[in-house]
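Comments concern the structure below.
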Amino acid sequence: MRDVHVIGAGMTRFAKSTKSLKELAGEAVVDALQDAGITTSEVQAAYVGNAVAGLVTGQEMIRGQVLLRPVGIEGIPIFNLENACASAASALHLGWQSVATGIYDVVLCLGAEKLTHPEDKNRGMAAIGTAVDVELAAGMADQMGNGHGSSQHSLFMDLYADWTKEYMQRSGATREDFAEVVVKNQHNGARNPRAQYGGELTVEEVLAAREVVWPLTLFMCSPISDGAAAVVLAADTATRRVNGRSPKIRASVVLSGHVHDKTDPTAGSCARAARLAFESAGLGPDDIDVAEVHDATAPAELMIYEQIGFAEPGGGAALLASGKTRLDGALPVNPSGGLLCKGHPIGATGIAQICEATWQLRGDAGERQVEGAKVALTQNGGGWLDGDSAAMSVHILTAS
């Protein structure tokens, strides 16, 4: 296996955008190629992640080819990846595999998503809700007792609400703890020019916001977003030729969920993926300097602390209260603002996290720069199947 480096990163601002999916993808790709200092002719293959274009825009089957031709990338292998919210992370994983095994020297990995629709505001939320076993979805909604989503939120907010109530009983975490996650990530988002939201909120303001489904308020839920993110991956030889500040991908893990003991937070796909990533990288949770995690809701960030191993089971709220995961703490989590504030165009999120990790390790993160960051972790999951994420990824990067 060869070392694989991120030699270029590009990302649009995440927002509810009037731009088309092609325009968003093209902007991210052009920025990534310029950052890498290469031309389209040097890209040997492309891996494109997208989750719901078929449901939202009607584009199926050849999404990557359609998105890349306008920027001049054609005539090479283009692979289309759909894997729920882990679509981009899955594209990155396969791109990493192809370079690590020597199939290609330079590849492009792209994640792009447009969740807003000009005529149907509910189409994006309805599309997100299909990342379940649809044959079982109706019965699942009846069991939850919350209904099958609504015009105001997706089915996944009902799922997260149920997980959150269970977590509160198990850990003693409170709604105030969840509000503190929002306060932290809004503070970070205000320092990220590509973030959808950001500002200085109080716990009281977060709790007073419109209730989505108890115990979650609007600020505790990631927004509907449009956007794209891209990275260029290269083997050592190409890295030395084009760019001397190229973080190395030390571990790339993608798993599917599995049937497991749901009372054990260390048994699910996130914990398994993290263990495999740490083993592959030869590192542990204490070695991480900065992390981007899948905070689709505020409580999820606390659960992920525990699943990755940053905190003991039940200790997520205490870790947050210690200040360690704040921007000026020893282990800043979601310096980009996270999904809550940076935004969550689901098919782009996994590579957006890699962009943030790359900028942090290069010292290019501006006002949100984590001082001395040398090791970064990203965690990104998607879909739901029998009490676990259907797809889960963990990546570890180190500064060159």
Side-chain angles (χ1 to χ4, degrees), residues 85 132 140-147 153-185 203 206-207 211-217 219-222 255-275 278 284-286 288 291 293-326 331 333-334 338-340 377 379-392 394:
C85 299
V132 296
M140 180 178 67
D142 290 341
Q143 289 179 357
M144 289 189 300
N146 291 327
H153 65 271
S154 76
L155 168 64
F156 275 85
M157 292 304 105
D158 290 321
L159 289 168
Y160 270 113
D162 271 20
W163 298 333
T164 298
K165 285 180 278 189
E166 294 171 1
Y167 178 68
M168 293 170 77
Q169 293 178 346
R170 182 175 74 247
S171 68
T174 66
R175 295 178 82 226
E176 287 74 16
D177 294 322
F178 310 147
E180 289 284 6
V181 174
V182 178
V183 170
K184 172 181 73 71
N185 290 356
V203 167
V206 175
L207 294 175
E211 183 177 292
V212 175
V213 52
W214 197 91
L216 305 175
T217 69
F219 287 126
M220 295 180 190
C221 304
S222 58
L255 299 175
S256 61
H258 70 303
V259 177
H260 65 281
D261 179 0
K262 299 175 183 61
T263 66
D264 181 0
T266 68
S269 59
C270 180
R272 289 194 301 130
R275 287 194 294 270
F278 286 129
D286 291 341
I288 304 302
V293 305
H294 194 90
D295 59 327
T297 63
E301 181 169 318
L302 301 186
M303 300 179 205
I304 293 165
Y305 291 170
E306 300 170 26
Q307 293 162 355
I308 288 177
F310 293 155
E312 295 296 320
L319 178 64
L320 177 72
S322 74
K324 186 176 180 180
T325 61
R326 297 185 183 276
L331 174 57
V333 175
N334 287 329
L339 281 60
L340 289 174
L377 177 145
Q379 175 271 336
N380 168 230
W384 186 92
L385 197 61
D386 193 23
D388 200 357
S389 294
M392 180 61 61
V394 173

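- For Ala391, the side-chain contact (heavy atoms from CB on, under 4.5 Å) test picks out Asn83, Ala86, with sequence neighbours left out.
- Contact of the Asn380 side chain with the His294 side chain is registered, since non-hydrogen atoms from C-beta on lie closer than 4.5 Å.
- Of all heavy-atom pairs spanning Cys85 and Gly381, the tightest one is CB-O, 3.1 Å.
- Between the NZ atom of Lys165 and the CG atom of Asp162 there is a distance of 4.5 Å, given to the nearest 0.5 Å.
- Taking all atoms of both residues into account, the shortest heavy-atom contact from Val182 to Val206 is CG1-CG2, 3.8 Å.
- The CH2 atom of Trp163 lies 6.5 Å from the CZ atom of Phe156; values are rounded to the nearest 0.5 Å.
- For His258, the side-chain contact (heavy atoms from CB on, under 4.5 Å) partners two or more places apart in sequence, or in a different chain, are His260, Arg272, Asp388.
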Using atom types as modelled, flag every donor-acceptor pair under 3.5 Å from a side chain in residues 308-325 to any protein atom, sequence neighbours excluded.
| residue | atom | partner | partner atom | Å |
| --- | --- | --- | --- | --- |
| Ser322 | OG | Leu319 | O | 2.5 |
| Ser322 | OG | Lys324 | N | 3.2 |
| Thr325 | OG1 | Tyr305 | OH | 3.0 |

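- In this view, Thr174 and Glu176, Asp177 satisfy the side chain to side chain donor-acceptor pair (under 3.5 Å) rule, not counting sequence neighbours.
- For the pair Leu340 and Ser222, the tightest heavy-atom approach, listed with the atom from each and the gap, is CD2-N, 3.7 Å.
- With sequence neighbours excluded, the residues that form a side-chain contact (heavy atoms from CB on, under 4.5 Å) with Thr164 are Met168, Phe178, Pro215, Leu216, Pro299, Met303.
- Among pairs with a residue in residues 294-304, those fulfilling salt bridge (Lys or Arg N to Asp or Glu O under 4.0 Å) read Lys184-Glu301, at least two apart in sequence or across chains.
- The salt bridge (Lys or Arg N to Asp or Glu O under 4.0 Å) test applied to Glu180 returns Arg326, not counting sequence neighbours.
- When all heavy atoms of Val394 and Ala273 are compared, the closest pair comes out as CG2-CB, 3.7 Å.
- With Asn334 contributing its side chain and Leu339 its backbone, the two residues share no donor-acceptor pair below 3.5 Å.
- Judged as a side-chain contact (heavy atoms from CB on, under 4.5 Å), and not counting sequence neighbours, the contacts of Asp261 are Thr263, Asp264.
- Val213 approaches Asp158 most closely through the heavy-atom pair CG2-OD1, 3.8 Å.
- The nearest pair of heavy atoms linking Ser269 to Leu255 is O-CD1, 4.1 Å.
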| Going through the checks in order, is the side-chain contact (heavy atoms from CB on, under 4.5 Å) test met by Arg175 and Leu207? | CA-CA 8 Å; Arg175 295 178 82 226; Leu207 294 175; 3.9 Å; yes
